[in-house]
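These notes are about the structure you will find just below.
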Amino acid sequence: MLGRGVKRKWSCLEEAEVVSEAAEDKQQHEDEDGQDGLLDPSRSDMSRLQQRQLVLGLCLEKLQRYQAGVELSLRRSVLLINTLRQIQEEMRSDGVGSCDVHPDSCLLRDDFREDVTVTCPGCSEGESPPELPSQEANGSDQQKPPAAVSDAVNAMGYLGDLALDDIFEDIDTSMYETSDLPSAWASGSLWPLSVSLWPDEDVKLRPQSHSTAGSLQSCLMDLNELDHIMEILVKS
Amino acid sequence: ASINCRVTSCLFSFIQDWVYVWSDIISTVEFNYSGELLATGDKGGRVVIFQHEQESKNRPHLRGEYNVYSTFQSHEPEFDYLKSLEIEEKINKIRWLPQQNAAHFLLSTNDKTIKLWKISERDKRAEGYNLKDEDGRLRDPFRITSLRVPVLMPMDLMVEASPRRIFANAHTYHINSISVNSDHETYLSADDLRINLWHLEITDRSFNIVDIKPANMEELTEVITAAECHPHQCNVFVYSSSKGTIRLCDMRAAALCDRHSKFFEEPEDPSSRSFFSEIISSISDVKFSHSGRYMMTRDYLSVKVWDLNMENRPVETYQVHEYLRSKLCSLYENDCIFDKFECCWNGSDSAIMTGSYNNFFRMFDRNTRRDITLEASRESSKPRATLKPRKVSTGGKRKKDEISVDSLDFNKKILHTAWHPKDNVIAVAATNNLYIFQDKIN
């Protein structure tokens, strides 16, 4: 049964009185949480550093937020990652090499998850696997994209578009026809594919033995499945 | 002088005409070229078309009303098995084709597939067939003793919608725009990274005219947010980006329009730079003026009018809700900063309209520089009364009838609005309500 637009005549406004009372009540109260209102005024007085920390935490949280079966908006992901890059650039130029950043800021969020800790780029870079993309390995530390950004990029499944590119035509896809892969994995990225094409970029696979505390991969990937796929690829 | 009077009245004497209520969120609104038909698409993949009916004696002071003309299911939810992802049936855009015969044609698109629909009227049916009777049952051949010629008899008007073309499998990313070309033979479709040019008759292939996908996806920093064909020059189109830039391309220059002919960008004011500068500069809509001389872009806080001959800055900038600038952090937190508002011109290009929060929408008169904020709400005004202008108070003291910024309802957003191509009739979609406003004739 198709939905039809129902025309409401002006005479049917009895319920409007009830609604308008509720609306007036709402106007008296200042909402502090959720989407109906904005944060209380004291938040706007935050220092730039505090705001930066808050935005950094929000950025990572938003990038992590994943809904199985629904494709992420590329525009939103790009904007989030650009914001993240901007913050990390600023942090780097501020000389934040030794954890000036308080991971506790993430605890401000009500839905903070224990498996996520935010560390400043300097710290996480030290722990990340040494196999960086060869084309970027020559660059100085300043030029490498921070590990958190790469993680975020991978998590977004940027590399996961299969439909049109002819270069994928001759790839044996029989390994992807298993239904065992969790949807998070399947849609997160098809970068096992890209590993076979761009052998230099093995870095995109973060084997579980190197997972960092702050790694987003660990949040999104089923690591057993990852190992399984790795085995198949290495053998093929 | 008469045009100016009309313009003044259009901003300040809109009255609420009808409210239509849906079960789903309305996702697009579009008048056809004559304004006789108004098409809406919703999140459930349905299209509802309204038709303007002549003025009636009971409403002498108003134009005719819009009534439901046709309803059909345009898109169904699909599943991409390769990526294990749902493909939403939500209608992202509807664009009408210019009318060439009795039937009406429109293009509707979801994230992946564009469909050409034919909407036609049937008010006659044939009766008196020889081989079957009126119920459709076959007649016993032995009982047929004479031949008769079937005749056309009038019947109740039936409006049928049938899909005539399906343009599929050409977009890896989500389609955000479609635009019919002025040659009436081709149209373009744009997703986050690519723009394709189609011929309306050919569904199995399209030309890729813009491709901004980098070889290494990690280098991706910018996406396409909207695209439109020039209203008169069939070789020209524009596309906007998430970085607040607009590129104008000429299809005569090359097959692949990766190099723009013109690049529109306003230099950033370094004093207002914040973490959110890029996000709020992202353009959510781009529309050419009817004249083809200007184009309008909508970013998060403002609407800008550009002269196509001047690339380094817009000729006009209108602030939609500047009071939100100090609240960007909160709006980032609740994701509202990613909302995509549309904008539209009136028929004479003298006024522009766009939506805001709290079911507010804004109109700007380009000649007098006056602006007005109106509310699409069922409880806000008496029937037939002129809509009262609304005001958001930004200072400490809130005047009577003003609403404070912190009381705004950010769930009530008006993202889609449309202006009749000739008259001062507007359609405003507020979540699942469609409002039709018009100005008083006298």
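In what follows, chains are A, B, ... by sequence order, proteins preceding strands, each numbered from 1. Just so we're clear, the structure is a prediction, and the values are computed from it rather than from any experiment.
- With a 4.5 angstrom heavy-atom cutoff, B:Glu88 does not touch chain A via any of its atoms.
- Under a cut-off of 6.0 angstrom, the local environment of OH in B:Tyr323 is crowded, with over 12 non-hydrogen atoms contributed by other residues, nucleotides or ligands.
- By the salt bridge (Lys or Arg N to Asp or Glu O under 4.0 Å) test, B:Glu78 is found to be paired with no residue, residues two or more places apart in sequence or in another chain being considered.
- One finds the CZ atom of A:Arg76 at 12.0 Å from the NZ atom of B:Lys340 (value rounded to the nearest 0.5 Å).
- Counting heavy-atom pairs closer than 4.5 Å to chain A, the top-ranked of the candidates B:Leu434, B:Leu328, B:Ile279 is B:Ile279.
- B:Arg205 pairs by the side chain to side chain contact (heavy atoms under 4.5 Å, CB included) definition with B:Ile202, not counting sequence neighbours.
- Contact annotation: the side chain of A:Leu79 approaches that of B:Glu278 to within less than 4.5 Å [non-hydrogen atoms, C-beta and beyond].
- For a residue to count as touching a neighbouring chain, one of its non-hydrogen atoms must lie under 4.5 Å from one of that chain's; by this rule B:Ser242 touches chain A with backbone and side chain alike.
- Contact between B:Leu220 and A:Arg85 at its shortest, heavy atoms only, is O-NH1, 3.9 Å.
- The CG atom of A:Leu80 lies 7.5 Å from the CG atom of B:Asp335; values are rounded to the nearest 0.5 Å.
- Across all non-hydrogen atoms, the minimal contact from B:Ser282 to A:Arg75 is OG-NE, 3.4 Å.
- The minimum heavy-atom distance linking B:Phe275 with A:Gln86 is given by the pair O-OE1, 3.7 Å.
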Exercise for the section: Apply the test side-chain contact (heavy atoms from CB on, under 4.5 Å) to residues B:Lys243 and A:Asn82: give CA-CA distance (whole Å), side-chain angles for both, the deciding distance (0.1 Å), then the verdict. Expected result: CA-CA 10 Å; B:Lys243 286 198 168 170; A:Asn82 287 351; 4.3 Å; yes
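- With chain A as the partner, the residue from B:Thr225, B:Asp111, B:Asp192, B:Thr40 showing the most heavy-atom pairs under 4.5 Å is B:Asp192.
- Contact count against chain A (heavy-atom pairs under 4.5 Å) is highest for B:Tyr332 among B:Phe276, B:Tyr332, B:Tyr81.
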